[in-house]
Every structure is written in C-alpha cells, then in structure tokens.
Amino acid sequence: MPTPTGRNFLHTPGPTNIPDRVLRAMNQPAVDFSTPAFLKMMNSVFDDMKRVFRTQGDVIMYASNGHGAWEAALVNTLSPGDRVLIHDTGHFSANWAEMAEAFGVTVERIPGDWRRGIDADLVEAHLCSDTGHSIKALLSVHTDTATGITSDLPAIRRAIDNAKHPALFMVDTVAALATTEFRMDDWGIDVAVGGSQKGLMQPPGLAFNAVSAKALAASQTARLPSVYWDWNRRLEPAYYRRFCGTPPEHLLFALREGLDMIFEEGLDNAFARHRRIAQAVRRAVAVWGRGNTLSLNAIEASEMSNSVTTVLVANGYDIDRFRTTCRERFNVSIATGLGKTMGKAFRIGHMGHINEPMIIGALAGVEATLSICEIPHEAGGVDAAVRFLASA
Ligand SMILES: *Cc1c(COP(=O)(O)O)cnc(C)c1O
C-alpha cells in the first residue's frame, strides 16, 4: 500500500529530485525558437555548461539520455576496427564497452572486481605495451553508478602521459557531474559525457559531450556513420544546427534555471554538500554492517562516491522485496544492484537537489525496512548519521 501523503523520497541514482524552481521554469508556452530572446537563453546554457565542465572547449547538447551521449562520443571519434581500452570497473564501463563493440570497435579490457576504481598503474602498463599506438581511446567512467566508486581522473591522466600515449581520454561523468570535482581542461580530458537527470537536478532528456580540440580533430577522420550525433554539424553557426532540428525548449528553460541554482550555491559548495551527505550515509551503513550482513561495496575510502552508495547484502535475502517494501511502506525509493551485483546489493542515491534532513529521512526509511524485512543489522545507523552531520 503506497504511502498516500507527503513526498516521495527519490533516492534512485537517476532520475533525481527536480527542484520546484526548475519545474516552474518549464511551465510556459512553446516559443518561436528563432527569436533573439530564445537564442540568447539557449547560448547562455551552452556557455554555462562549459563552466560546469570547467572547459574552454565546445559543449554539444543532445535531446537524448546518457546512452545517446555515449554513442555520440564513440561515433565522432572512432572508425570500424579501431581499438579502445577500458578498465572493467562496473556496469557502466561494461555497457559502454559493449556499445563500442556493436560499432565494430575492438575493446581491450583490463578486468576488474567492481570493488575498486580504475587502476592508473594498470592503465599505464597497458598503454606502454601498445608501442604501435593502435589504441585510439581510453574509455573511463568517473563514478560508476552501479558500484558507488569514483575513479581518480588526474591519476589516469598522469598514467597516459607517463606512457607517452596519444589515446583520447574519454570520461563518462554522467553520475558525478556537479557532485564531484571535475576539471576537463586541467585534467586533459578529451571527451566528457554528461546527462541531465543526475547531479544537474533536471528532468531526463538532455545529454552532453564536452570536447577538446584534439577530440574535434579526431572527428575529422572518424568513419563511424553519424548525422544526428555529428559534432561538426552541430557546431555550424546556423542556430537550427545546434540540436539538429527543433531545440528541446522546455528542457533548456529547465536547465537555465538549474544552472542558476548551481552557480548561486557555487560548484565547490555543491561538491562539499554531496561529500558531507555521502559521509553521513556511510556512517549509517557502518553501524548497520555490525550485524554482519551489510557492507559497503567500495573498499578504498578515497574512492567512495559523493553521489551514490552501493551496499552489499549477504546471500539469502530478497532485495527486491526489501526495495519494494521501502517504497510502498515509507515512500523511499532506492535502487537495486546492477550487473554483477544484481540481487546482491541495494543502492542509495544522494545526488542533486538534496539536503541533510532529506537523507536522514531516507536513511530512517531504509533502517525501518531492514527491521521489517528481518535483514540483520545493528540499530542506530540513522543516529550515527545525525551525529556526523551535527559535527561536520
Ligand atoms: C545513468 C548513467 C548512464 C546512462 O544514462 P541514461 O540517461 O540512463 O542513458 C551512463 N553512465 C553513468 C555513469 C550513469 O550513471
């Protein structure tokens, strides 16, 4: 029986809560998209997305979800038969790699156990062994939303540089953008992939490629077929090229408002807020884990994500029932494990439009559901989170 009153606590790691201000910004008629007022607004959104990616490069926007922006990153830079390298650190890196294979790209995989981030030393060794420089790109997922693990991007950049390898550094930061520090230019990232419905507090439906000059140069010779995703068509001066047709006006009104909110808070403050809230979640999980059934999937403290926490559950518990009970009884939506952790983990999203009392409410719903479902845990996780937040 769904809880009929109050708000849903949306703690799926995408989509995330949409602020009322953003919802209201969409509540307006469609407009003639050739007017100076609309074009000015649209251009300001492109400019401000560069500030979010911290790049002087170009930002391309698609009316698509994150998968579309993945595809765009591949088809603009690669040709059939090209090789790419990926460290298999989670469900999303595995899926991006499969997408590349579907285009006839050869994927070299460094195997991973999904409990640690990308190992820069392994990447360096692999790139060093590619003496002929046949690897065209390194595909990296910044925060893998399945594992709750964030990789150290500057360390990966150093690995590429140490190997003196020309591969493009392509990063999926869909689940980290606006929750975790990201410096596209400083970190020498060539293609950054983003999506609207995670840290940016937007409805699903917009996705991004931020591209370096080196990536744009690679697009001149890439031979995977593309018209709709083609960066270069979208960078032509004609305004109707920006979206390869009608711009998703209302999503742009929404993003304009969301960007205003992000800059009012300040990106660095947003990162600090996400870090604090994520630490509170981990304090709760640490207490629950004393029942010897629940544990954090991430092993390295430095790799624990600001935006999502993956909690492993010992064998023998029905996680779907747990998740459904949490939603139906307490109106708290959490997510299940993905890929290798399907049926073995649940995930608490904590990104975007969220504050301390919201996470306390969600954790209380989770802790109560642990009791209802008789999943062994030590009580007091919520209290530990409260005390952490009081001192943070
Ligand atoms: C959500 C997500 C995607 C896919 O985005 P969709 O909008 O669901 O297509 C890709 N990568 C990561 C890391 C994600 O979290």
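Computed from a predicted structure; not experimentally measured.
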Indicate the ring-plane relationship of [X] and [Y], choosing parallel, tilted or perpendicular according to the 30° and 60° boundaries.
X    : Y   : result
H11  : F9  : parallel
W114 : H91 : perpendicular
F38  : F33 : perpendicular

Taking atom types as modelled, is there a side-chain donor on [X] or [Y] under 3.5 Å from an acceptor on the other?
X    : Y    : answer
S333 : N8   : yes
N65  : Q197 : no
D119 : H87  : no
H377 : E367 : no
N76  : S219 : no
D320 : T324 : no

Supply the atom-to-atom distance R323 CZ to R347 CZ, rounded to the nearest 0.5 angstrom.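 Those atoms lie 8.5 Å apart.
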
Kindly compute the distance separating CH2 (W288) from CZ (R283), expressed to the nearest 0.5 Å.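 It is 14.0 Å, given to the nearest 0.5 Å.
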
Mark yes when over 12 heavy atoms from residues, nucleotides or ligands other than [X] sit less than 6.0 Å from its [atom1]; otherwise mark no.
X    : atom1 : answer
Q28  : CD    : yes
N355 : CG    : yes
K214 : NZ    : yes
Q56  : CD    : no
Y240 : OH    : no

Check [Y] with [X], please: is the shortest side-chain N to carboxylate O separation under 4.0 Å?
X    : Y    : answer
E264 : R21  : yes
R256 : D260 : yes
R116 : D88  : no
R7   : D20  : yes
E356 : R273 : no
E101 : R109 : yes
R234 : E236 : no

Please tell me if the side chains of [X] and [Y] come closer than 4.5 Å, counting only heavy atoms from C-beta onward.
X    : Y    : value
Y317 : C373 : no
L153 : I189 : yes
V59  : N209 : no
T150 : N306 : no
R233 : Y228 : no

Taking the six-membered ring for Trp, are Y62 and F208 ring centroids under 6.0 Å apart?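 No, ring centres 6.0 Å or more apart.
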
Aromatic ring proximity H350/H274, centre distance under 6.0 Å: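 That pair fails the under 6.0 Å test.
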
For side-chain contact (heavy atoms from CB on, under 4.5 Å), just list the numbers for V171 and V193, CA-CA rounded to whole Å, side-chain angles, deciding distance to a tenth of an Å, and then say yes or no. CA-CA 6 Å; V171 178; V193 175; over 6 Å; no

Please walk me through it: do H142 and D172 pass side-chain hydrogen bond (donor to acceptor under 3.5 Å, both in side chains)? CA-CA 6 Å; H142 189 192; D172 165 356; over 6 Å; no

D185 and W187: side-chain contact (heavy atoms from CB on, under 4.5 Å), yes or no, with the steps? CA-CA 5 Å; D185 290 359; W187 298 348; over 6 Å; no

